[in-house]
Amino acid sequence: MINLRIEIDQLPLAEPLVVRLCHSATSATTENDAVLIDRSNGRLEYDLNGFSLVLHPEGGEDYDGDVILALPGQASAHRLIRASSQHNTFLVTEQCDQLCVMCSQPPKKQHTDLFSQFAEAALLSPKGVVIGISGGEPLLHKSRLFDMLRAVSQARPDVTFHVLTNGQHFQPSDVEAMLEIGTQRVLWGVPLYSADEATHDKIVGKSGAFRQLAKGLGVLMSGGASVELRTVVMRQNVAGLADLADFVFTRLNFAHVWALMQMERIGYGRMNWQKSFYDSSADFAPIASAIDLSVARGIDVSLYNFPLCSVPAAYRSYAPSTISDWKRKYLDFCSQCDRRAACGGFFEWYSHNEGFSALGPI
Ligand code: SF4
């Protein structure tokens, strides 16, 4: 697991500070750039506009081009952008208005507004980066979110976003902002767990959520937005996957992709693991049916977070490596597997004792 916090010598900050780490003076072009001046005794010292910024890295990672966020009173910084990684995500809020049984990031009441700092970090990111936006529910702070997306989109046409949202908060009046930001600049990842209203509402812990989601998806469709439908496969909804495939085809075929996902064993996902985890290595048939139905009708379908050996050979082409590098691991038997390079492995918090029953090298 890669630590997304890094120890620093505490700075006397009055407000949050965004810094890009530059290991060569020639790449320092903004006042947020700190230039490496010393690397000794396990510490990295940077010059930031005449001040010293000292990092105490854990491993031998390369920090050149990374963007960090230092907060007042803290002796560690958040690694917002890792320049060498394809997996950079801003957690913009921990507030949410749903209580999903498998939530990996259970909601909290308080919110700290760091949208300005996130925008600064995005502007300092490497060329062509895709930045994930997650929560909580980012659209609880919709105007701040849209302001950030708009500002970055205008200044950095090469940066795109993948925003995870519960789809509860879109209004027809948002279409104007979405068009201004650019429909190709944002992929909206929206969860839908069942074609059955009651099942969906029960999974997300909110009465009326399915109907509100239908309205939200309608807004996204009318704005020509790019949409990724996301369905975590669980014991609660696996029997309805074929119906959901029908629903996606008949009602939501404007979506760019329908992602069938495996659970993360963390947060509420850990609390509810025994009742919710669906062992797709033991019985892949319901998932296979949903894929077959979708592919036959021209719906792009994908499997996220499935170890390759949990998927029958005929369906492995639908299972890209999707688990972020910083939270990915492999098990002992993976060292004998020919497909390891193509396989996304497991979440760091996966426990094989309670997990898939039929895995092994392929
Ligand atoms: S054995 Fe490991 S590396 Fe190979 S497919 Fe299974 S999980 Fe992936």
Side-chain angles (χ1 to χ4, degrees), residues 1-4 59-61 82 84-89 101-105 130 132 134 162 164 189 191 228-238 241 245 257-292 294-295 300-362:
M1 179 146 165
I2 298 169
N3 196 348
L4 298 185
E61 277 188 78
R82 287 180 301 128
S84 59
S85 174
Q86 305 294 313
H87 304 279
N88 290 298
T89 295
V101 293
M102 86 310 282
C103 180
S104 59
Q105 185 82 41
V130 180
S134 79
H162 180 207
L164 299 182
E228 168 195 64
L229 293 171
R230 297 164 71 91
T231 304
V232 178
V233 177
M234 292 172 289
R235 291 164 70 167
Q236 292 92 326
N237 65 351
V238 68
L241 283 186
V257 63
W258 179 29
L260 297 163
M261 305 172 61
Q262 260 298 354
M263 266 179 77
E264 279 192 63
R265 190 178 165 279
I266 194 169
Y268 294 153
R270 179 175 181 152
M271 191 170 78
N272 294 317
W273 183 262
Q274 299 288 357
K275 285 194 174 151
S276 304
F277 172 67
Y278 178 72
D279 182 0
S280 50
S281 71
D283 183 6
F284 195 78
I287 300 171
S289 298
I291 295 175
D292 292 345
S294 300
V295 170
D300 266 345
V301 64
S302 198
L303 298 170
Y304 292 178
N305 312 337
F306 284 72
L308 272 184
C309 56
S310 72
V311 178
Y315 294 93
R316 285 183 192 144
S317 61
Y318 298 105
S321 168
T322 48
I323 296 177
S324 301
D325 56 358
W326 65 270
K327 56 180 176 180
R328 181 195 309 154
K329 71 175 178 185
Y330 295 89
L331 301 183
D332 288 347
F333 56 75
C334 297
S335 60
Q336 291 140 37
C337 179
D338 291 342
R339 302 299 303 278
R340 178 172 166 145
C343 173
F346 305 87
F347 289 104
E348 182 65 36
W349 25 85
Y350 169 77
S351 166
H352 199 40
N353 297 335
E354 302 177 286
F356 299 99
S357 60
L359 299 185
I362 49 179

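This one's a predicted model, so the numbers in the text were calculated from it and none came from an experiment. Numbering of ligands and ligand atoms starts at 1, following listing order.
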Seminar exercise, completed: So the atoms of ligand 1 within less than 4.0 Å of a heavy atom of Phe333 turn out to be 1 (S)
Exercise. Aromatic rings Trp273 and Tyr350: how do their planes relate, parallel, tilted or perpendicular, breaks at 30° and 60°?
Worked result: perpendicular
Seminar exercise, completed: For Gln236, the side chain to side chain donor-acceptor pair (under 3.5 Å) test, sequence neighbours excluded, returns Ser276
For this session: Determine the minimum heavy-atom distance between Phe356 and Ser281, stating which atoms define it.
Result: CB-OG, 3.7 Å
Seminar exercise, completed: Shortest non-hydrogen pair, Asn305 vs Thr322, comes out as N-OG1, 2.8 Å
Problem set entry | Carboxylate-amine/guanidinium contact Glu264 Lys327, below 4.0 Å | yes
For this session: Report yes or no: is the cationic atom of Arg265 (NZ for Lys, CZ for Arg) closer than 6.0 Å to the six-membered ring centre of Phe277, at no more than 45° off its axis?
Result: no
For this session: Output, by chain and residue number, all protein N/O/S atoms separated from atom 8 (Fe) of ligand 1 by less than 2.8 Å.
Result: Cys343 SG
Exercise. Hey, would you say the Phe284 and Tyr315 ring centroids sit under 6.0 Å apart?
Worked result: yes
For this session: For Phe346, counting its heavy atoms only, list the atoms of ligand 1 lying under 4.0 Å from any of them.
Result: 7 (S)
